[in-house]
There are 2 protein chains.
Amino acid sequence: MSTKKPSSSSNITIRDVAQLAGVSPATVSKVLNGIPYVSPDTHARVQAAVEQLQFRPNSIARSLKMSRTSTLGLITNDLEGVFTMSMMRGVEEVAAEQGFSVFLCNSYGEPERERAHLQVLLDKQIDGVILMNGFRVHERGAPALSLGNMPVVYLFQYTRTSGIPSVIPDDFGGAVTGTQHLLDCGHQRIGVINGPPNYEATHIRLAGYRQTIEAAGLTFDPALVRAGKWYESFGYALTNDLLSQAEPPDSLFCMSDSLAVAAMSVVRERGLNIPRDISVVGFDNRAFAGHQTPPLTTVKLPLVEMGRLAGELLLQAIKAGKPADEIYRVPCELIQRASTRLMASPESGVN
Amino acid sequence: MSTKKPSSSSNITIRDVAQLAGVSPATVSKVLNGIPYVSPDTHARVQAAVEQLQFRPNSIARSLKMSRTSTLGLITNDLEGVFTMSMMRGVEEVAAEQGFSVFLCNSYGEPERERAHLQVLLDKQIDGVILMNGFRVHERGAPALSLGNMPVVYLFQYTRTSGIPSVIPDDFGGAVTGTQHLLDCGHQRIGVINGPPNYEATHIRLAGYRQTIEAAGLTFDPALVRAGKWYESFGYALTNDLLSQAEPPDSLFCMSDSLAVAAMSVVRERGLNIPRDISVVGFDNRAFAGHQTPPLTTVKLPLVEMGRLAGELLLQAIKAGKPADEIYRVPCELIQRASTRLMASPESGVN
DNA sequence: AATCAATAGTAAAACGATTTACGTTGATTG
DNA sequence: CAATCAACGTAAATCGTTTTACTATTGATT
């Protein structure tokens with residue numbers, strides 16, 4: 001009959017293990033942490049005791065001494081934003097891989113809440129924090145609270161103030177990729193349905209588009225560009241407007257998948273076939289993009305990868321010295337589906 | 001010129017405060033925690049010292065002694081699920097209100113990951129945990145690890161094993177509400193586009209529909225019911241099928257907003273007007289529901305409220321004794337928009 | 001045989017708060 | 001006047017680890 005205590009979950013401490021193994025707590029600590037100079041015999045005895053008692057060290061006590069908690073903070077402006085969860089997943093994933101836990105905080109975009117959350121996290125001695133923006137206001141200033149020398153990484157927003165790495169999508173490159181794909185399909189008049197001017201991405205993507213068509217020897221025509229908001233409801237009028245011109249575009253590059261869905265619907269209503277008569281490319285690679293008819297070719301916002309990178313940068317900053325403060329632009333790859341004319345091979349030029 | 005130390009964030013301890021105020025650490029602890037028997041004079045002196053030093057107590061040290069961390073765990077099966085973030089927001093919200101932080105963990109539905117996460121959270125001495133399901137497999141068994149007597153709450157899933165409260169939507173009531181609304185609009189042949197049979201919600205909602213129409217004196221007609229999956233792409237064929245019958249339905253109750261979007265699209269293609277010729281009701285109240293043309297009337301899944309309730313139940317269990325183990329079904333209210341014929345007042349019956 | 005280095009283990013001091021138990025003091029009371 | 005009591009403070013123990021001395025034992029080297 002075992003004499004195991006009923007034990008309310010885990011009263012067992014390192015002392016109990018030491019006692020059972022017939023050694024001192026210090027020795028147990030050594031084997032627990034793989035510190036050398038403990039005989040194989042003792043090592044085995046301690047491990048057996050740990051096993052038998054189902055001992056698990058108390059992280060809190062450990063943290064107190066070590067002043068490292070293996071804990072990250074993740075503060076978001078907009079927990080319910082459409083891009084938020086994928087980035088969160090990336091962050092959580094790398095954190096878990098490296099034995100870190102992450103505190104989730106929602107600031108609702110209010111500096112006062114952000115300050116309060118940061119304060120609590122500081123009190124809880126987290127090792128680092130990611131400040132993540134759910135919406136696309138890219139440039140941001142200092143955090144709402146002085147963080148001393150705690151590592152910080154910005155995600156989906158950037159800063160030019162020094163010492164803080166930022167992770168954002170490569171909007172320019174993404175626009176280039178999308179545009180080039182349409183050129184490769186043989187299109188000469190590529191229409192653009194863009195987002196609102198108060199988003200930096202709007203301008204950057206347009207610049208990417210412009211550079212690409214000009215590099216292909218075409219001239220930039222403002223008549224082919226329309227701008228509204230990111231939502232689907234804005235796409236209908238803009239697309240209709242674009243297609244009603246004397247010389248309508250032969251393809252559409254929509255700067256969000258929502259806009260692309262609206263555009264496709266308008267194109268269909270006008271009796272045109274996608275992609276035979278007109279190609280459509282979206283941006284974001286939202287979940288619904290692949291479920292359209294036809295499935296939407298789109299430029300993917302690398303959200304999970306961005307989350308992972310932000311997490312890696314933060315962990316790296318925690319473990320070593322700070323990485324060079326820098327803006328990391330994660331490439332946006334093309335997800336080729338059926339809303340654009342399929343070419344034999346992406347390499348083959350237009351000729 | 002101030003002589004404040006450069007200070008690497010927070011080296012200042014309760015001793016420093018005590019020293020500056022000319023009292024003992026114990027006294028400082030008293031005023032910090034509002035414990036009586038400290039003279040107004042001393043109180044003021046201590047507070048001044050706290051202020052001057054910008055002292056903030058170290059949560060880790062506090063937790064070690066008190067064995068309470070003011071920290072919750074939230075483990076989800078599916079961090080990227082469409083319902084997850086709203087529930088998370090609810091949980092985070094109440095937690096923050098009551099001074100708790102929440103650890104976010106993604107188990108990807110793998111028991112092994114869930115076990116690992118739980119283990120880490122236990123080591124970190126969290127005060128309680130919410131096990132949240134991102135998809136609609138409702139019934140679940142015990143957690144993947146024995147949790148001793150740590151409070152647990154299930155969210156978006158339930159259990160009949162004792163001691164654990166569960167928070168789920170009231171699918172039955174929601175189906176009743178949606179059906180009744182269509183009856184109130186004067187419809188007699190209400191078609192149903194349902195989800196897959198391996199979801200319990202599918203059956204419960206159908207039962208709610210059936211009971212409601214039978215209570216109204218109509219007979220349940222299986223020919224009016226179609227089932228597929230929740231995604232939009234399944235809605236087209238089902239709706240077409242339903243509407244091609246000799247006696248087609250005069251209204252549609254779609255058990256997800258995605259299905260409803262597909263249904264509306266099919267209805268339009270057939271040259272019918274919504275809501276004049278046919279009413280459509282959805283389920284979930286996804287973000288896009290309000291952006292349809294016409295905006296979709298739908299039964300709201302009370303995700304944020306469910307998250308809040310789960311958080312409240314957990315905090316309550318932590319602070320007091322466990323609440324009665326029970327299944328909490330949160331009501332699903334009707335969000336009335338323009339895809340159903342508007343009635344003068346919900347109270348006025350059909351007559 | 002004496003010295004030294006490497007190995008094995010431990011006692012005790014941290015880490016930074018809370019809490020218990022106790023000591024003053026001054027006022028009130030029988 | 002002695003005894004009681006309440007108010008105010010503090011020293012020291014405590015929470016469960018890690019880490020820093022420090023001791024003791026070996027085996028190898030001169």
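Here is the naming used below: chain letters follow the sequence lines, and residue numbers restart at 1 for every chain. Excluded from the calculations below are hydrogen atoms, water molecules and symmetry mates; all remaining heavy atoms, backbone and side chain alike, are included.
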Exercise. A/Q125 and B/S59: side-chain donor and acceptor closer than 3.5 Å?
Worked result: no
Exercise. In terms of side-chain heavy atoms of B/T42, which of D/dC8, C/dG16, D/dT17 is nearest?
Worked result: D/dC8
Exercise. Looking at B/N33, does any N or O in its side chain come under 4.0 Å of the phosphate oxygens OP1/OP2 on C/dT18?
Worked result: yes
For this session: Please state how far atom CZ in B/R45 lies from atom P in D/dC8, giving the value in whole angstrom units.
Result: 13 Å
Exercise. Atom NZ of A/K30 to atom P of D/dT20: distance rounded to whole Å?
Worked result: 12 Å
For this session: Starting from C1' on D/dT19, measure out to CD1 on A/I35 and report it in whole angstrom.
Result: 8 Å
Exercise. Side-chain contact, heavy-atom cut-off 4.5 Å: A/V28 with A/V23?
Worked result: yes
For this session: Starting from C1' on D/dA7, measure out to CG on B/D41 and report it in whole angstrom.
Result: 14 Å
Exercise. Can you find a donor-acceptor N/O pair under 3.5 angstrom joining the side chain of A/K65 to the base of D/dG16?
Worked result: no
For this session: Give the nucleotide from the list D/dG16, C/dG9, D/dA7 with an atom nearest to the side chain of B/Y37.
Result: D/dA7
For this session: Among the candidates D/dT18, C/dA17, C/dA11, find the nucleotide nearest to the side-chain atoms of A/R62.
Result: D/dT18
Exercise. Rounded to the nearest 0.5 Å, how far apart are CZ of A/F156 and CG of A/L301?
Worked result: 5.0 Å
Exercise. For B/S29, which contact category applies under a 4.0 Å heavy-atom criterion: base, sugar-phosphate, or nothing?
Worked result: base
Problem set entry | Rounded interatomic separation in angstrom, taking NE2 from B/H43 and C1' from D/dA7 | 16 Å
For this session: Please state how far atom CD1 in A/I14 lies from atom P in D/dC15, giving the value in whole angstrom units.
Result: 15 Å
Exercise. Taking the side chain as C-beta and beyond, is there a heavy-atom pair between A/D325 and A/T159 under 4.5 Å?
Worked result: no
Seminar exercise, completed: Note: for A/M66 and B/V28 on DNA chain C, the residue whose nearest nucleotide lies more 5' is A/M66
Exercise. Among C/dT10, C/dT18, D/dA11, which is the nearest nucleotide to the side chain of A/V23?
Worked result: C/dT10
Exercise. Does the side chain of B/T13 get closer than 4.0 angstrom to OP1 or OP2 of C/dA17 through an N or O atom?
Worked result: yes
Exercise. Thinking salt bridges, do B/R113 and A/E92 make one under a 4.0 Å N-O criterion?
Worked result: no
Exercise. Expressed in angstrom and rounded to an integer, what is the separation of B/I60 atom CD1 from D/dT14 atom P?
Worked result: 23 Å
Exercise. Which part of the nucleic acid does A/T27 contact within heavy-atom distance under 4.0 Å: base, sugar-phosphate only, or nothing?
Worked result: base
Problem set entry | B/K124 versus B/T71, side-chain donor and acceptor atoms under 3.5 Å | no
Problem set entry | Options C/dT19, D/dT17, C/dG16, nucleotide nearest the side-chain atoms of A/F55 | D/dT17
Seminar exercise, completed: In whole angstroms, the gap separating P of C/dA14 from CG of B/N58 amounts to 17 Å
Exercise. Using a cut-off of 4.0 Å on non-hydrogen atoms, how would the nucleic acid contact of B/R15 be classed: base, sugar-phosphate, or nothing?
Worked result: nothing
Exercise. When we call it a touch if two heavy atoms are under 4.0 Å apart, what does A/S63 touch: a base, just sugar-phosphate, or nothing?
Worked result: nothing
